[in-house]
Amino acid sequence: MRICVVGTGYVGLVTGTCLAELGNNVVCVDADTEKIDTLQKGMMPIYEPGLEEIVHRNVKEERLSFTTSIAEGVDAADIIFIAVGTPPKEDGEADLSFVEQVARDIALNMKSYKIIVEKSTVPVETGEWVAHTIKINNKNKVEFDVVSNPEFLREGTAIHDTMNPERIVIGTNSARAEKIMRELYKPFNAPLIVTDIKSAEIIKHASNAFLAMKISFINAISRICELTGADVVKIAEGMGYDSRIGKAFLNAGCGFGGFCFPKDLEAFIKISEKLGYDFELLRAVKKINEEQKKLMAKKIKDALWIIKGKTIGILGLAFKPNTDDMRFAPSIDIIKQLQTEGARIKVFDPVAMERAERHRLLEDVEFCKNAYAVAMDSDCLVILTEWNEFKELDLLRIKEAMKNPVIIDGRNIYDSAAMKEMGIVYRFSSM
Ligand code: UGA
């Protein structure tokens, strides 16, 4: 099929690339000339395992191309995905101005029937506005349909998630569009949920909010564990075997970050408020998550007594492993809190440091070449991202390098009994 994807962020670039991999002809459009330049030179604007190889293959086989011209993209496609950013405004509401702009640009360039697919995460009723915007700018008076087709991929496993979806949601009120979308997604062989546009939009927000709720729930349980001496890791295991609960997203720690959960949660709370419903439950999810970050600083303080003048080593900057993304990462807030108290900060992240340095995401920190360099003469080591290489550290070497063997683990990656045996003061989500 002939496809155009507008927006080459995580969702747009991965969706376009994977659809090309399935044999479709895909044109990816972005207004950012630097990004398109980078992609045309064969380089990736984001770090995502496996992406580069598939992009190269599909470009070489002429199924995938990049352009800044939306007219070119619209001309070359029957299905147009809108995958532009919906960043949070000051008050937490989603900023939909990019979506509106793209809808207008698509409409102005349409010369034949098109399906316009909402791929970006958007508030309920956005589909209606997209349809309205296209209608009033549809100067060639061509037929079109709007579809909501939310994305569920995770950063770090984006290719796998896109190629092996657990479900595909199609929101539409057009039988014609439904038939074409079913055809497009047939090769994925995944359960397909066809519904109205509004329900599809809410499925996305509800899914992210539910997952965030699971994390805040287990984090709340970890607070009870701290007060009683119970073990949150074992509790999560004991709960997770119940198939109604499930094991996933029950890892307690320093809280969730990234560009999706915090932003989407906030946006969902706002939409509900606008619709006249106070989504108290989600406000609590957000509050617990904020508290988890503050709790990390408190644990460090409890272990060191005075923070001022101490050297604190941070292992992990990205909001989760296998990505260099630091947007809304717990590391940013926690480092700032420690700096406010007068700590000297050393950091290491296997992938995210380059972006952190280039975009000046952190002020006054010492970037180190590895975890051992961070540990050298540190008063305390703090784990904020569960990269595999941190799980395999030579902890005796770490202990020897440190001024004071204190490890505060925001991701529960070590065995507390083993740490005690090694003479390391170890604090994790239950302590
Ligand atoms: C999330 C959803 O999982 C995707 O389904 C969705 O498509 C995406 O948002 C989006 O809306 O675009 P992502 O933000 O890439 O994906 O990352 P997750 O793996 O969901 O992790 C989010 C945060 O939760 C991370 O900071 C992670 O460390 C934290 N987390 C996750 C926990 O603290 N505990 C857990 O048990 C699981």
Side-chain angles (χ1 to χ4, degrees), residues 7 9-15 46-49 83-88 94 119-123 149-162 164-169 201 203-222 232-233 235-237 239-240 245-268 285-286 288-293 295-296 316-334 349 352 383-387 390 409-413 428-429:
Y10 268 99
V11 170
L13 185 54
V14 173
T15 303
I46 51 169
Y47 173 85
E48 184 60 40
V84 292
T86 52
K119 197 71 172 159
S120 312
T121 301
V122 290
N149 170 221
E151 182 50 60
F152 302 105
L153 65 81
R154 293 162 298 174
E155 289 182 24
T157 51
I159 302 288
H160 174 271
D161 291 351
T162 308
N164 306 279
E166 290 185 346
R167 85 293 209 186
I168 289 164
V169 175
E201 289 167 337
I203 286 172
K204 171 66 188 182
H205 265 310
S207 301
N208 272 5
F210 191 86
L211 291 170
M213 181 184 74
K214 266 189 109 174
I215 302 170
S216 279
F217 183 87
I218 199 70
N219 280 332
I221 297 292
S222 79
V232 73
V233 178
I235 292 172
E237 192 187 339
M239 289 167 64
I245 298 174
K247 290 181 186 169
F249 283 70
L250 286 181
N251 297 326
C254 56
F256 56 78
F259 202 54
C260 301
F261 284 175
K263 160 182 84 76
D264 293 351
L265 193 63
E266 192 73 56
F268 204 20
V285 168
K286 180 182 156 194
I288 293 168
N289 199 52
E290 291 307 317
E291 283 167 1
Q292 287 307 110
K293 290 182 267 184
L295 193 67
M296 285 300 290
L317 296 174
F319 81 98
K320 66 175 198 173
N322 298 321
T323 177
D324 63 348
D325 198 342
M326 282 179 62
R327 289 176 295 178
F328 296 99
S331 63
I332 296 183
D333 287 348
I334 294 167
D349 186 290
I383 319 283
L384 294 183
T385 317
E386 66 278 36
W387 285 96
F390 297 158
D409 185 355
R411 297 294 179 184
N412 305 327
I413 61 176
F428 65 112
S429 281

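In what follows, residues are counted from 1 in the order of the sequence shown. Just follow the structure's listing: the first ligand is 1, and inside any ligand the first atom is 1.
The protein atom (non-hydrogen) at minimum distance from atom 14 (O) of ligand 1 is F319 CE1, 3.6 Å. Closest to atom 28 (O) of ligand 1, if we only count protein heavy atoms, is R411 NH1, 3.2 Å. Of all protein heavy atoms, the one closest to atom 34 (N) of ligand 1 is N251 O, 3.0 Å. Annotation: atom 19 (O) of ligand 1 to nearest protein heavy atom, K320 NZ, 2.9 Å. Atom 1 (C) of ligand 1 has its closest protein heavy atom at F261 CE2, 3.5 Å. Protein heavy atom at the shortest distance from atom 8 (C) of ligand 1 is L153 O, 3.4 Å. The protein atom (non-hydrogen) at minimum distance from atom 16 (O) of ligand 1 is R154 CG, 3.6 Å. If you check which protein heavy atom lies closest to atom 37 (C) of ligand 1, you get F249 CD2, 3.5 Å.
For the side-chain contact (heavy atoms from CB on, under 4.5 Å) with L250, the lone residue among N219, V233, I215, I218 that qualifies is I218.
A distance of 7.5 Å separates CD1 of I413 from CD of E386, quoted to the nearest 0.5 Å. Rounded to the nearest 0.5 angstrom, I288 CD1 and F256 CZ are separated by 9.0 Å. Once rounded to the nearest 0.5 Å, the distance linking OG of S429 with CG of L295 reads 8.0 Å. Atoms CG and CD, from D264 and E266 in turn, are 10.5 Å apart once rounded to the nearest 0.5 Å. Residue L317 holds its CG atom at 12.0 Å from CG of D325, rounded to the nearest 0.5 Å. Separating the CG atom in D333 from the CD atom in Q292 is a distance of 13.0 Å, to the nearest 0.5 Å.
Taking distance alone, with nitrogen or oxygen atoms compared against 3.5 Å, F256 stays at or beyond that limit from ligand 1. Taking only nitrogen or oxygen atoms, main chain and side chain alike, E155 reaches within less than 3.5 Å of ligand 1. At least one N or O atom of L250, backbone or side chain, sits closer than 3.5 Å to an N or O atom of ligand 1. The shortest N or O to N or O distance between V11 and ligand 1 is not under 3.5 Å. Any N or O atom pair closer than 3.5 Å counts here, and F152 shares at least one such pair with ligand 1.
Around atom OH of Y47, more than 12 heavy atoms belonging to other residues, nucleotides or ligands sit under 6.0 Å away.
Using 4.0 Å as the threshold, G257 has a heavy atom nearer than that to some atom of ligand 1.
Atom numbering of ligand 1 starts at 1 in the shown order; those under 4.0 Å from a heavy atom of N208 are 2 (C), 6 (C), 9 (O), 10 (C), 11 (O). Of all atoms in ligand 1, numbered sequentially from 1 with element shown, those under 4.0 Å from a heavy atom of C260 are 8 (C), 9 (O), 10 (C), 11 (O), 12 (O), 14 (O). Near D264, meaning under 4.0 Å from any of its heavy atoms, are these atoms of ligand 1: 11 (O).
Contact annotation: for K214 versus ligand 1, there are no heavy atoms closer than 4.0 Å. Under 4.0 Å from ligand 1, the heavy atoms of I215 that appear belong solely to its side chain.
Evaluation of the side-chain hydrogen bond (donor to acceptor under 3.5 Å, both in side chains) rule for K320 yields no partner, not counting sequence neighbours.
Note on ring orientation: taking the six-membered ring where Trp is involved, the planes of F268 and H205 are parallel (angle under 30°, cut-offs 30° and 60°).
With respect to the salt-bridge test (charged N to carboxylate O, under 4.0 angstrom), the residues K293 and E290 qualify.
Heavy atoms only, all atoms of each residue included: E48 and A158 are closest at OE2-N, 2.9 Å.
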